[in-house]
J.: 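Handing you this structure, nothing more for now.
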2 protein chains.
Amino acid sequence: MSSSELKNAGLKATLPRIKILEIMQKNRAGHMRAEEVYQALRDEGEDVGLATVYRVLTQFEDAGLVIRHHFEGGHAVFELDEGHHHDHLVCVKSGNVIEFTDPIIEERQKAIAKEHGFKMTDHTLVIYGVSAEYQKPED
Amino acid sequence: MSSSELKNAGLKATLPRIKILEIMQKNRAGHMRAEEVYQALRDEGEDVGLATVYRVLTQFEDAGLVIRHHFEGGHAVFELDEGHHHDHLVCVKSGNVIEFTDPIIEERQKAIAKEHGFKMTDHTLVIYGVSAEYQKPED
DNA sequence: ATGTATGCAAAACATTTGCACCTGG
DNA sequence: CCAGGTGCAAATGTTTTGCATACAT
């Protein structure tokens, strides 16, 4: 249940937090913007302010429950942190996203951070391309 | 000279464009925010508006002269496009950026795209971390 | 109870745009 | 000269914050 996950994370189990966590869990596949989470709440008839959505998502991020990504477009997107890091393969035609991890790349990233004296906190790798079904011969 | 580079790119060689290009070339090492470019102009006594800096940087991006990155922090940074791809190591404390390329990672990315039937068009890898000089012992 | 969380509105940023004026070719 | 470029200010879009009220423990 969501409320115990929240308490585990050191957060009081308030209604907005429970609802927002549930929405993130329901939308496990997608990366949501704060505004989209807010809309999803309203669609469920919940009266939660946008400011609260931002506050809660930030708390979730601090608690390690979600990851905030800064893709292009001047806004952040959030996804549930399911514990295992992954990278993204994005189809520029369809917008489809495939997740993957590659042990060799992970290894090299660690080595590179170390070489430069960095204590790595995070890393993101996005490969943009055209997926098989969208490759038209005439393109 | 900057003005011929601009004409090559199909842009009229106006004073703001020339100055902004020169600033980007002088700061070849760094990734600059629009605000920083604007400050650099003012430091040189040039009377260029911030809106123009944004407009010119966007034109430069369209013309392939600069690359716009969306790292953390809710703002974009721009760097000269020198034609060769590279990845980034970003210090989350200072905002410093180090560029690198790793042949093994490049190779793996190609392989992964291929495995998934993707025709790769682009890729970005950012490693976030704390650089040596910002690592406090007690942390 | 009581300290924390929330909602609302306003503020704070980053970026874009409308419009009258200026400038490069 | 004249289309396109620029400066300024106002508009936009996103995220944060101040403050009085509501809520979880």
Side-chain angles (χ1 to χ4, degrees), chain A residues 1-23 31-42 44-63 65-78, chain B residues 1-23 31-42 44-63 65-79 95:
Chain A
M1 211 201 180
S2 315
S3 53
S4 42
E5 292 183 55
L6 288 170
K7 294 202 188 106
N8 273 356
L11 295 169
K12 244 194 235 180
T14 66
L15 195 132
R17 287 181 185 152
I18 292 169
K19 286 294 172 189
I20 291 172
L21 183 52
E22 283 176 3
I23 283 169
H31 298 67
M32 301 183 80
R33 306 171 42 168
E35 183 70 35
E36 292 173 328
V37 174
Y38 174 65
Q39 283 306 328
L41 284 164
R42 306 204 103 212
E44 295 188 0
E46 297 299 334
D47 191 17
V48 174
L50 180 55
T52 299
V53 173
Y54 276 105
R55 275 187 289 235
V56 168
L57 287 172
T58 301
Q59 293 155 357
F60 282 7
E61 186 189 15
D62 293 344
L65 293 174
V66 304
I67 299 174
R68 183 194 305 250
H69 292 284
H70 293 273
F71 293 153
E72 326 217 331
H75 59 259
V77 294
F78 300 83
Chain B
M1 212 197 178
S2 315
S3 53
S4 42
E5 292 183 57
L6 288 170
K7 293 200 188 110
N8 273 356
L11 296 168
K12 238 195 237 182
T14 65
L15 194 133
R17 288 181 184 152
I18 292 169
K19 285 295 172 190
I20 291 172
L21 183 51
E22 283 177 1
I23 282 169
H31 298 65
M32 302 182 80
R33 306 171 43 170
E35 183 72 36
E36 291 172 330
V37 174
Y38 174 66
Q39 281 308 326
L41 283 164
R42 306 205 103 212
E44 295 189 0
E46 296 299 334
D47 192 17
V48 174
L50 180 55
T52 299
V53 173
Y54 277 105
R55 275 187 289 235
V56 168
L57 287 172
T58 300
Q59 293 155 357
F60 282 7
E61 185 190 16
D62 292 344
L65 292 175
V66 305
I67 298 173
R68 184 194 304 252
H69 293 284
H70 294 274
F71 297 153
E72 321 203 310
H75 59 259
V77 294
F78 300 84
E79 71 169 323

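Every value quoted in this text rests on a predicted model; they were computed, and no experiment measured them. Residue numbers start from 1 in every chain, and the chains themselves are labelled A, B, ... in the order their sequence lines are given, proteins ahead of strands.
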J.: side-chain contact (heavy atoms from CB on, under 4.5 Å) between A:Glu35 and A:His75: does it pass, once the steps are laid out?
T.: CA-CA 10 Å; A:Glu35 183 70 35; A:His75 59 259; over 6 Å; no
J.: Specify the separation, in whole Å, of atom CD of B:Gln59 and atom C1' of D:dT6.
T.: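 Going from CD in B:Gln59 over to C1' in D:dT6 covers 10 Å.
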J.: Search all heavy atoms of A:Phe60 against all heavy atoms of A:Arg17 and return the closest pair with its distance.
T.: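 What the structure gives for the nearest pair is CZ-O, 3.5 Å.
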J.: For DNA chain C, whose closest nucleotide is more 5', that of B:Glu35 or that of A:Leu11?
T.: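 The residue whose closest nucleotide sits nearer the 5' end is A:Leu11.
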J.: Quickly work out the B:Arg42 CZ to D:dC8 C1' distance and round it to whole Å.
T.: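 After rounding, the gap between these two atoms is 12 Å.
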J.: What nucleic acid atoms does B:Arg55 come within less than 4.0 Å of, heavy atoms only: base, sugar-phosphate, or nothing?
T.: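 Base contact.
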J.: Could you give the NE2-to-P distance, from B:His70 to D:dT15, as a whole number of Å?
T.: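 Between P of D:dT15 and NE2 of B:His70: 13 Å.
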J.: Check B:Leu11 against B:Ala63 and note the closest heavy-atom contact, atom names and distance.
T.: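 Heavy atoms of B:Leu11 and B:Ala63 come nearest at CD1-CB, 4.4 Å.
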J.: Does A:Thr14 place a side-chain N or O at less than 4.0 Å from the phosphate oxygens OP1/OP2 of C:dA5?
T.: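 False: A:Thr14 side-chain N/O out of range (4.0 Å or more) of C:dA5 OP1/OP2.
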J.: Let me know the distance between CE of A:Met32 and P of D:dT15, rounded to the nearest Å.
T.: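 About 14 Å, once rounded to whole Å.
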J.: With a 4.0 Å cut-off on heavy atoms, is B:Leu15 in touch with a base, just the backbone sugar-phosphate, or nothing at all?
T.: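 Nothing, no nucleic acid heavy atom in range.
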J.: Between the main-chain N or O of B:Ala76 and the side-chain N or O of B:Arg68, is there a donor-acceptor pair closer than 3.5 Å?
T.: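 Flag not set: sc B:Arg68 to bb B:Ala76 has no pair under 3.5 Å.
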J.: Closest heavy-atom contact between B:Ile20 and B:Val53?
T.: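 Heavy atoms only, the tightest pair is CD1-CA, 3.9 Å.
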J.: Of the nucleotides D:dT15, C:dT15, C:dG25, which has the atom closest to the B:Lys7 side chain?
T.: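 Of the candidates, C:dG25 comes closest.
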J.: Tell me the interatomic distance from A:Asp47, atom CG, to D:dT21, atom C1', rounded to whole angstroms.
T.: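 Rounded to whole Å, this separation is 14 Å.
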J.: Between D:dT14 atom C1' and A:Arg33 atom CZ, what is the distance in whole Å?
T.: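 Going from A:Arg33 (CZ) to D:dT14 (C1'), I get 8 Å.
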J.: Just the rounded figure in Å: distance from C1' of D:dG5 to CZ of B:Arg17.
T.: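 Rounded to whole Å, this separation is 6 Å.
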J.: Picking from C:dA9, D:dT6, D:dA24, which would you name as closest to the side chain of A:Ala51?
T.: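 In terms of side-chain proximity for A:Ala51, the closest of C:dA9, D:dT6, D:dA24 is C:dA9.
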J.: Where the side chain of A:Lys12 is concerned, which of C:dA5, D:dT6, C:dG7 is the nearest nucleotide?
T.: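 Of the candidates, C:dA5 comes closest.
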J.: On DNA chain D, compare the nucleotides closest to B:Thr52 and A:Leu50; which residue's is nearer the 5' end?
T.: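 Nearest nucleotide further toward 5': that of B:Thr52.
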J.: Taking atom P of C:dA11 as reference, at what distance in whole Å does atom OH of A:Tyr54 sit?
T.: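 The distance from OH of A:Tyr54 to P of C:dA11 comes to 19 Å, rounded to the nearest Å.
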